[in-house]
Amino acid sequence: NAGVTQTPKFQVLKTGQSMTLQCAQDMNHNSMYWYRQDPGMGLRLIYYSASEGTTDKGEVPNGYNVSRLNKREFSLRLESAAPSQTSVYFCASTGLAGGPGVFGPGTRLTVL
Amino acid sequence: AQTVTQSQPEMSVQEAETVTLSCTYDTSESNYYLFWYKQPPSRQMILVIRQEAYKQQNATENRFSVNFQKAAKSFSLKISDSQLGDTAMYFCARVEYGNKLVFGAGTILRVKS
């Protein structure tokens with residue numbers, strides 16, 4: 001039982017490059033989320049998927065796209081990376097309504 | 001807009017003493033869930049404690065307890081017998097529609113020996 005896994009753990013991109021952050025959970029959770037964490041800002045929601053087949057924008061969706069590939073996997077794509085997207089990205093999943101989020105270990109992304 | 005407010009950017013406490021971290025929030029819902037998360041230097045987000053708004057009793061987990069004041073929309077975290085391993089960033093969070101967790105900006109807690 002691995003919980004929530006994220007790949008990669010670290011990534012450096014040049015401005016304009018694209019990449020996909022992968023997230024998978026093995027807890028049979030319905031809801032999955034992508035957050036970014038910046039100093040002094042706490043965690044801000046980028047996109048979420050309340051259930052398989054649905055995705056919705058969060059607080060800061062611009063510059064990102066997501067895919068809920070199946071119940072286990074939820075990926076985040078940066079089509080054309082910008083320095084403002086330098087951040088730590090967390091994936092999380094939740095089972096029951098109001099249940100606590102289980103977080104992955106995070107991905108530190110630097111865009112030069 | 002930020003709907004969860006943590007007014008203390010940084011706090012420090014001596015080992016074995018008690019410290020209280022503050023959190024206030026906005027909501028128009030009658031039932032909801034509140035959380036405190038701990039983020040140590042390892043960056044892993046760890047659930048500390050969970051409170052359901054319809055429950056009057058304050059949640060407790062070992063040395064961690066909350067003071068939940070529903071009318072005041074206040075949800076503070078008390079850490080008793082502070083330990084060096086409690087040094088971390090602490091986030092208050094509230095669940096919104098769609099099971100979305102909304103976080104405060106965080107409080108850095110330093111436990112001193």
Side-chain angles (χ1 to χ4, degrees), chain A residues 2-6 8-10 23 25 27 29-61 66 68 74 87-109, chain B residues 1-10 21-27 29-55 59 61 64 66 75 88-108:
Chain A
V4 177
T5 58
Q6 290 182 236
K9 286 187 169 52
F10 300 93
C23 174
Q25 52 93 7
M27 296 166 287
H29 284 172
N30 285 323
S31 302
M32 298 184 73
Y33 311 84
W34 278 104
Y35 289 90
R36 60 178 288 174
Q37 183 179 20
D38 302 295
M41 300 291 289
L43 278 77
R44 293 182 294 169
L45 183 64
I46 305 171
Y47 270 94
Y48 69 103
S49 171
S51 60
E52 186 178 357
T54 68
T55 60
D56 286 285
K57 295 179 180 180
E59 184 183 356
V60 288
V66 290
R68 184 74 183 266
F74 188 39
S87 188
V88 179
Y89 292 84
F90 286 95
C91 178
S93 69
T94 301
L96 301 174
V102 180
F103 285 79
T107 295
R108 182 175 292 279
L109 175 66
Chain B
Q2 186 74 275
T3 61
V4 178
T5 303
Q6 295 179 247
S7 59
Q8 305 150 314
E10 295 188 30
L21 309 183
S22 302
C23 173
T24 58
Y25 58 92
D26 291 328
T27 185
E29 299 168 20
S30 58
N31 192 27
Y32 46 91
Y33 300 84
L34 298 162
F35 306 89
W36 278 98
Y37 283 87
K38 171 184 177 181
Q39 187 179 43
S42 68
R43 207 172 64 200
Q44 180 69 47
M45 292 288 287
I46 302 166
L47 177 66
V48 175
I49 201 162
R50 174 180 186 261
Q51 175 79 43
E52 298 180 59
Y54 71 89
K55 290 188 176 180
E61 288 287 341
F64 299 88
V66 299
F75 182 59
M89 176 79 88
Y90 287 81
F91 291 100
C92 178
R94 182 177 71 78
V95 169
E96 287 191 345
Y97 174 76
N99 265 354
K100 294 185 294 181
L101 278 171
V102 177
F103 288 83
T107 297
I108 298 172

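Quantities reported herein were computed from a predicted structural model and do not represent experimental measurements. Below, each value reflects all heavy atoms present in this structure, side chains not excepted, and no hydrogens, waters or symmetry copies. Lettering follows sequence order; numbering is per chain, from 1.
- Proximity to chain B (any heavy atom under 4.5 Å) is shown, for A:Arg44, by neither the backbone nor the side chain.
- If you tally non-hydrogen atom pairs under 4.5 Å between each of B:Arg94, B:Gln6, B:Gln39 and chain A, the highest count goes to B:Gln39.
- With a threshold of 4.5 angstrom between heavy atoms, A:Val102 does not approach chain B through any atom at all.
- A:Leu43 has its side chain within reach of B:Met45: a pair of non-hydrogen atoms, C-beta onward, lies under 4.5 Å apart.
- Taking every heavy atom of both residues into account, A:Tyr35 and B:Leu101 meet most closely at OH-O, 2.7 Å.
- Nearest heavy atom pair, residue A:Thr107 against residue B:Arg43, reads N-NH2, 4.2 Å.
- Going from atom CZ of B:Phe91 over to atom CD of A:Gln37 covers 4.5 Å, rounded to the nearest 0.5 Å.
- Of the possible donor and acceptor atoms, none in the side chain of A:Glu59 sits under 3.5 Å from a partner among the backbone N and O of B:Val102.
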